[in-house]
Amino acid sequence: EVQLVESGGGLVQAGGSLRLSCAASGFTFDDYIIGWFRQAPGKAREGVSYISHKDGIIYYADSVKGRFTISSDNAKNTVYLQMNSLKPEETAIYYCAAGGVVLGTIYYPDDWGQGTQVTVSS
């Protein structure tokens with residue numbers, strides 16, 4: 001079965017950087033979309049970034065463009081999210097998600113990880 005395990009969350013000061021990892025099993029990246037969502041306290045879950053490994057297309061939310069970078073190590077079935085210049089309002093649980101479909105620019109995953117907490121102090 002598909003499993004997605006996030007790691008790398010923690011506490012960081014505003015302006016700092018963090019790299020999240022998502023180790024995937026039960027599928028190969030060649031046929032899958034995979035990406036990251038986040039949910040801040042009191043807010044709806046939002047898509048952050050995703051990559052379609054079939055065609056190499058990458059999308060970022062406007063709010064993170066220029067600061068976040070998604071990448072993958074296909075041999076390890078692992079996807080990363082490098083987050084730079086972090087802001088306090090980006091404190092959230094970050095979820096890895098995979099499978100599903102993209103309609104327009106909206107990603108509808110089939111599978112989710114358990115999430116990893118990112119806390120950005122002001």
Any chance you could measure [X], atom [atom1], to [Y], atom [atom2], to the nearest 0.5 Å?
X	Y	atom1	atom2	result
S72	L81	OG	CG	12.5 Å
K76	N74	NZ	CG	12.0 Å
I34	S49	CD1	OG	11.0 Å
H53	I33	NE2	CD1	10.5 Å

Only pairs under 3.5 Å count here: list side-chain donor-acceptor contacts from residues 92-105, not counting sequence neighbours, and write none if there are none.
unit_1	atom_1	unit_2	atom_2	d
Y94	OH	R38	NH1	3.0
Y94	OH	E90	O	2.9

With a 4.5 Å heavy-atom cut-off, do [X] and [Y] have their side chains touching?
X	Y	answer
Y50	I57	no
L4	D111	yes
L18	V118	yes
Y32	V2	yes
Y80	D73	yes
V120	L11	no
V48	Y60	no

Partners meeting side chain to side chain donor-acceptor pair (under 3.5 Å) with S52 (sequence neighbours left out): D55
Summary of side chain to side chain donor-acceptor pair (under 3.5 Å) pairs that have at least one residue in residues 4-19, sequence neighbours excluded: E6-Q114, S17-N84
Pairs meeting criterion disulfide (SG to SG under 2.5 Å) with involvement of residues 40-87, two or more places apart: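 Of all non-adjacent pairs touching residues 40-87, none passes disulfide (SG to SG under 2.5 Å).
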Partners meeting side chain to side chain contact (heavy atoms under 4.5 Å, CB included) with S25 (sequence neighbours left out): Q3
Other cluster members, V5 - Ile/Leu/Val/Met/Phe/Trp/Tyr, side-chain contacts below 4.5 Å: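 Its cluster mates, by chain and number: none.
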Near-ring test F37/W112, centroid separation under 6.0 angstrom: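 Yes: the rings meet the under 6.0 Å criterion.
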